[in-house]
Amino acid sequence: MAARFSGVLQLTDLDDFIAPSQECIKPVKVDKKPGKAAAKIRIEADGSYFQVNQDGEAQKLEKAKITLNDCLACSGCITSAESVLVSQQSHGELCKVLALNKAAAAHEQKLVVVSVSPQSRASLAARCKLGLLETAQKLTTFLKGLGKCVHHVFDTTFSRNFSLLESQQEFVRRFQRQAEDKKALPMLASACPGWICYAEKTHGSFIIPHISTTKSPQQVMGSLVKGYFAEQQHLPPDRIYHVTVMPCYDKKLEASRPDFFNQEYQTRDVDCVITTGEVLKLLEQEGVSLSDVDPSPLDTMLGRAAEELSSHRGGGSGGFLEHIFTHAARQLFGIQGASIHYRPLKNKDFQEVTLERDGQVLLHFALAYGFRNIQNLVQKLKRGKCPYHYVEVMACPSGCLNGGGQIKLEGESSKEELQQVERLYESLRAEMPEENQAVRELYEHWLGGWGSERALQVLHTQYHAVERASSALSIKW
Amino acid sequence: REWERERERDRTVRVWGREGEWGTGKPGPDREDMGREERDAHGAGRALSPVSPHRPCPCPVPGSGWACRAVLADGHQRTVRRVAWSPCGQFLASASFDGTTCVWRRHEHGFEVVATLEGHENEVKSVAWAPSGSLLATCSRDKSVWVWEVDEEEQEFECVSVLSAHSQDVKHVVWHPSQELLASASYDDTVRLYREDEDDWVCCATLEGHTSTVWAVAWERSGQRLVSCSDDRTLCVWQRSQGHGAGSEHSWQCVCTLSGYHGRSIYDVAWCHLTGAVATACGDDAVRVFEEVSPVSP
């Protein structure tokens, strides 16, 4: 299986040459206890290693294990063995887990929740030639039938409300403190893990202060499912298995970040991410055509059946720029209903939006999608020549609807298919996050109120610059 | 060995001129009179300054008449792998193993850095200016080819495209003599061609045939043919043919393979735009010159 990480992630440190100085450094990072003399190593017949010290005592040595996280966070060995990187999360793995869950004893069985992203839904709808609501309803039936133990199917549009609201607030706070804090602006979007991984590895501590601390819709959903929903179901977080359906492979890496691992219950907020393409494979595997499936009513986390789907305006990558823009215009300058006109710059993946009054520019925002635009943005920032207050940064050209995990046709028709996906996506009624009743309830009753300490803790995250292991690279002419 | 030690310490670009001629070269000379570039064993670039257009291309007597006019230090932290003069002669680009490409501007008293192009993950192997002077191409061991656009007034360079068509280390990039068509040579045994398409660049052709690393590529003056040299000890000459039907892509065919002449890897190739002769640099310590033999008419 060829995993298609975003171009941004692929260019970061991927190389098939493992020169002697570039061997995996992870096994070396073991806590060394100071010893008096060199220990001897004895290898048993079964391949296990024992350290024999001077008094003849033998101590079994732990095998060095490398996990997905270790690889991500390290720049030591560089390998593009993609099977290693994604084998922990795939539709094959999901089927295994579901089968095991079904066979498990009642008190050990986990409640399985699947959260579907609106981008994945739009891609499936386009491929199966169905409407969005039909797709959502039929997908609910199909997913619930998987392994016969999927219990709930949610829509991450719900958790996106929180990401948008928190981003709006965060921007206003940063804007207001820009005089004292030089790193407050520009604020850069945080929903795209391809961008985050690249920023942490390549530009580290320089750029991290600029990145919004708001969690992505996927991770907010993780916190809600393993937090609020678990409580409602009277289950501890580790008795829920949370699967998400996403438009890209980079989201698999996001789900496995240590920051999204619950230490107390030893469980991840999102256990498994599968891509839109993998859902299609599941359909094919089960010999099911989505159009033949009966529709089911849609689930919501607060228990009421959803009548219809809703979306957010501002494009297929979440709409962060538009929501932050209109909110900031209102909060900071008292301008209601500010209109948004996009001005394309060098290419269609780099666009500007400004808010002006009496010839003065009050807000200057931009969209930067794709590696070349991210490059130019970061270089401008480094030279102190970045004129923007906020930039919606996404790793994939054309945004999330064109993610690496979406269902795509090859060649000429791929452009048309993307346009169809975009049309479907935009066809839904857009709602304002502030007006969502369920969101307000959750803030009040579970998050301790708007802007509370708890809301900050649950809905925000942090980033870590990755140290580059300096290795003497063998020069290749 | 001594030259190796020198290479490790020396991360400079050196500019050489004919004695007594500094500053007399007119800007914008004809291509035939442009300074040629070479890489020497020191890993530093040696760029010859442009020569007055009224004199024939000089063949300097070895060792005499050339003086080092400038040493450009502090630009790079590691080996400088390639240098290239801009078509107008006022700028010099240097590509380095430190992952950056420096652009130097020439003025009366020397050179100064006007831009440092960052972004490649690791060693930059080659840099080349487009014939218009408004585009620059770089390539790297990170398998990508980048196209940069020059903003004359700001003297800034912005990345216009990141092309990841090759599956391995890219060794060389070179522009078509008159069009904005770019060729790249790679460790993945192929040559690839790129052109602009709407607001992005795309790989429009893949030339397969070599059985090992392609080290370099050179265009014939007409731009209808190019020659590639490889680790597999052969030269391949590729010819452009018209695509079928209106608006379809050109296709490239290998029309000649020169094998059996070189004892080792062929590291560089140059196609003379005056005489049509092709010269090669080979690991068997020889320089060879090839001439096209006209086919006998039937």
Side-chain angles (χ1 to χ4, degrees), chain A residues 2 4-17 19 22 75 78 80 198 201-203 206 344-351 368-386 395-398 404 411-412 414-415 468 470-477, chain B residues 4 7-8 39 41 43 78-79 81-82 96-100 115-123 125-126 140-149 151 154 156-165 167-172 187-188 196-201 213 215-216 231 265 267-268 283:
Chain A
R4 273 157 263 119
F5 290 108
S6 71
V8 176
L9 215 49
Q10 276 176 37
L11 275 170
T12 312
D13 279 349
L14 295 182
D15 184 310
D16 279 314
F17 305 119
Q22 289 174 251
S75 310
I78 328 172
S80 57
Y198 172 73
K201 271 192 182 175
T202 317
H203 301 290
F206 172 79
L345 299 170
K346 296 191 78 54
N347 54 69
K348 62 173 163 28
D349 283 325
F350 195 23
Q351 311 207 16
Y369 293 178
F371 191 54
R372 57 184 171 156
N373 293 314
I374 294 178
Q375 272 303 302
N376 291 328
L377 172 70
V378 173
Q379 292 305 319
K380 281 206 178 82
L381 248 169
K382 281 193 161 174
R383 293 199 298 266
K385 286 187 174 175
C386 179
C396 297
S398 304
E412 277 311 300
S414 68
K415 272 192 201 146
R468 275 184 176 269
S470 56
S471 49
L473 297 168
S474 45
I475 293 178
K476 294 182 173 89
W477 288 93
Chain B
E4 267 183 70
R7 179 182 71 184
E8 275 156 33
R39 262 186 331 279
R78 290 184 60 197
T79 298
R81 178 71 166 77
R82 192 175 293 264
S96 167
F97 277 8
D98 67 7
T100 70
T116 302
L117 277 42
E118 291 178 356
H120 275 296
E121 275 299 306
N122 43 48
E123 297 92 57
K125 302 290 176 95
S126 184
S140 161
R141 183 167 68 83
D142 69 10
K143 308 177 199 177
S144 65
V145 170
W146 291 42
V147 181
W148 307 79
E149 200 168 58
D151 183 332
E154 303 277 325
E156 270 188 15
F157 294 75
E158 277 207 342
C159 172
V160 155
S161 190
V162 174
L163 297 147
S164 302
S167 57
Q168 298 287 1
D169 184 359
V170 189
K171 304 290 189 187
H172 191 221
Y187 184 94
D188 71 5
E196 202 172 2
D197 179 24
E198 285 177 18
D199 66 359
D200 201 355
W201 283 69
T213 303
W215 280 107
D231 194 62
S265 300
Y267 292 107
D268 206 357

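Letters A, B, ... are given to chains in the order of the sequence lines, protein chains preceding strands, and every chain is numbered from 1.
How far CG of Leu117(B) is from CD of Gln379(A): 8.0 Å, rounded to the nearest 0.5 Å. Of the inter-residue distances, the one linking Glu158(B) atom CD with Lys380(A) atom NZ reads 4.0 Å to the nearest 0.5 angstrom. In this structure, CZ on Arg383(A) lies 9.0 Å from OG1 on Thr116(B), to the nearest 0.5 angstrom. Atom NZ of residue Lys348(A) and atom CD of residue Glu198(B) lie 7.0 Å apart, to the nearest 0.5 angstrom.
Not counting sequence neighbours, the partners of Glu149(B) by the side-chain contact (heavy atoms from CB on, under 4.5 Å) test are Lys346(A), Leu135(B), Val160(B).
Taking both residues in full, the closest heavy atoms of Gln375(A) and Gly119(B) are given as OE1-CA, 3.3 Å, listed atom of the first, atom of the second, then distance.
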